[in-house]
Amino acid sequence: MTLSGKTMFISGASRGIGLAIAKKFAADGANVALLAKTAEPHPKLDGTVYTAAKEIEEAGGQALPIVGDVRDPDSVTAAVAQAVEQFGAIDICVNNASAINLGSIEEVPMKRFDLMNGIQIRGTYAVSQACIPHMKGRENPHILTLSPPIRMESEWLKPTAYMMAKYGMTLCALGIAEEMREAGIASNTLWPRTLVATAAVQNLLGGDEAMAKARRPEVYSDAAYAIFNKPAREYTGQSLLCEDVLLESGVTDLSVYNCTPNADLGVDLWVDTPNPPGYTGP
């Protein structure tokens, strides 16, 4: 499998999972256009769009860092146009940008509600819409949205604001899959079974203790890479889990992704178990 010469447009890839996906893609000698808001260092968050671009190029690819806001359609359209001018077309679109607040309806103010739903839903729609015209006719084009399976059991219908925002991303992705089926553009979602070691887990979900129960971001990037190599006309319209994709692609030992050997892994939202049913590996 190789993605050499292909071009990815990804939102919010300054750090964490988005950057890991971009670097995995770039290692094949591919091109990455990354749109993110972080132009200057943040006191609590590592990386900027420019440091991410440097890491992408060190991984073996070509990078185009773009500062912009996924909620602003003019900013998104301009960013996609810049990517197409630089690299000629777009083969893969990744909707990674996201904001998180796990407060209840009594705790999340409308400003934060608007932020989450603006980035997650409006941003996913805007980025996908802008990329699609430049993906038509490409060999094996994929849209990948980093959002969960939609679970309607009562335990998964909270926290309300974050649930609405993440489910909205998934609904957008699944709708795109049907609308773009005849055009041969795949659209799937991808979500981890466990916590993944990111700034959000460190800062919001329990610090070092939670990080010790997490898997490394490569569990996401390796799964995304496997998806990008699937036939777009056939492999579409699915809500996928990282570990399931990896096992399907031939990985036999998921423990290689653990931050801590033999850890009691923390299960992510909207997932029941850390490993796929029937998995007997370490």
Side-chain angles (χ1 to χ4, degrees), residues 1-13 17-35 56 59 61-64 70 76 79-80 83-84 87-98 123-149 169-192 217-246 248-250:
M1 297 189 297
T2 181
L3 299 172
S4 177
K6 290 184 178 291
T7 297
M8 170 190 289
F9 187 95
I10 182 170
S11 64
I17 291 166
L19 179 56
I21 290 174
K23 288 167 65 176
K24 178 73 175 181
F25 182 79
D28 276 2
N31 310 311
V32 180
L34 56 157
L35 174 65
I56 289 166
Q62 297 295 316
L64 175 63
V70 295
V76 171
V80 171
V84 172
F87 300 125
I90 294 171
D91 300 284
I92 292 170
C93 166
V94 179
N95 293 302
N96 167 67
S98 190
T124 295
Y125 189 93
V127 170
S128 301
Q129 185 183 61
C131 285
I132 283 170
H134 306 287
M135 300 176 73
K136 287 184 174 180
R138 301 295 292 174
E139 182 183 0
N140 213 40
H142 281 265
I143 297 172
L144 186 63
T145 300
L146 308 193
S147 60
M169 292 178 78
T170 297
L171 287 170
C172 183
L174 297 179
I176 291 169
E178 298 312 310
E179 293 192 346
M180 292 295 107
R181 195 174 287 276
E182 289 189 10
I185 300 175
S187 178
N188 296 290
T189 71
L190 185 62
W191 191 249
E218 286 75 15
V219 73
Y220 229 133
S221 59
D222 287 359
Y225 184 86
I227 291 169
F228 300 150
N229 281 281
K230 299 285 188 181
R233 288 192 174 274
E234 301 169 18
Y235 201 81
T236 186
Q238 301 182 77
S239 289
L240 302 161
L241 295 174
C242 296
E243 291 83 350
D244 301 44
V245 171
L246 290 169
E248 182 187 82
S249 67

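Start at 1 with the first residue, then count along the sequence.
A donor-acceptor pair under 3.5 Å is absent between the side-chain atoms of Thr170 and the main chain of Pro149, judged by distance alone. With His142 contributing its side chain and Ala224 its backbone, the two residues share no donor-acceptor pair below 3.5 Å. When atom types are taken as modelled, the side chain of Asn188 and the backbone of Tyr235 share a donor-acceptor pair closer than 3.5 angstrom. Using modelled atom types, one side-chain atom of Asn140 and one backbone atom of Phe228 make a donor-acceptor pair closer than 3.5 Å. Arg233 places a side-chain N or O within donor-acceptor distance of the main-chain N or O of Glu182, the cut-off being under 3.5 Å. Of the possible polar contacts, one joining the Lys6 side chain to the Glu139 backbone as a donor-acceptor pair under 3.5 Å is found.
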Inset, instruction - Begin from the C-alpha positions of Lys24 and Asp222 and carry the test side-chain contact (heavy atoms from CB on, under 4.5 Å) through to its verdict. - result: CA-CA 7 Å; Lys24 178 73 175 181; Asp222 287 359; 3.4 Å; yes
Inset, instruction - List the steps and the verdict of side-chain contact (heavy atoms from CB on, under 4.5 Å) for Met180 and Ser187. - result: CA-CA 8 Å; Met180 292 295 107; Ser187 178; over 6 Å; no
Inset, instruction - Evaluate the criterion side-chain contact (heavy atoms from CB on, under 4.5 Å) for residue pair Thr2 and Asn229; output intermediate values, then yes/no. - result: CA-CA 8 Å; Thr2 181; Asn229 281 281; over 6 Å; no
Inset, instruction - Walk me through it: do Val84 and Ile90 pass the test side-chain contact (heavy atoms from CB on, under 4.5 Å)? - result: CA-CA 7 Å; Val84 172; Ile90 294 171; 4.1 Å; yes
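Closest approach of Ala83 to Ala33, counting heavy atoms only: CB-CB, 3.6 Å. The two residues Ala20 and Pro217 come nearest to each other via the heavy atoms CB-CB, 3.8 Å. For the residue pair Val76 and Val127, the shortest heavy atom distance occurs at CG1-CA, 3.8 Å. Annotation for Ala63 and Ile56: closest pair CB-CG2, 3.8 Å, computed over non-hydrogen atoms.
Taking OG of Ser239 as the reference point, atom CG of Asp244 lies at 11.5 Å (rounded to 0.5 Å). Between the CG atom in Asn31 and the CD1 atom in Ile92 there is a gap of 11.0 Å [rounded to 0.5 Å]. Taken to the nearest 0.5 Å, the SG atom of Cys93 stands 11.5 Å off from the CD atom of Gln129. Within the model, atoms CG of Leu144 and CG of Leu240 stand 8.0 Å from one another, a figure rounded to the nearest 0.5 Å. To the nearest 0.5 Å, atom CD1 of residue Ile227 and atom CD of residue Glu248 are 9.0 Å apart. In this structure, Asp28 CG and Met8 CE are separated by 10.0 Å, a value rounded to the nearest 0.5 Å.
The side chain to side chain donor-acceptor pair (under 3.5 Å) check on Lys23 picks up Glu55, with sequence neighbours excluded. Under the side chain to side chain donor-acceptor pair (under 3.5 Å) criterion, Tyr125 pairs with no residue, sequence neighbours left out.
With contacts defined as side-chain heavy-atom distances shorter than 4.5 Å, the pair Leu3/Asp91 does not qualify. Side chains of Leu35 and Val70 form a contact here, defined as non-hydrogen atoms less than 4.5 Å apart. Looking at Leu146 and Tyr220, their side chains come closer than 4.5 Å, going by heavy atoms from C-beta outward.
Applying the side chain to side chain contact (heavy atoms under 4.5 Å, CB included) test between Ile176 and each of Thr236, Asn95, Thr145, Ile132 identifies Ile132 as the sole match. A side chain to side chain contact (heavy atoms under 4.5 Å, CB included) with Ser147 holds for exactly one of Leu174, Thr124, Leu190, Thr189; it is Thr189.
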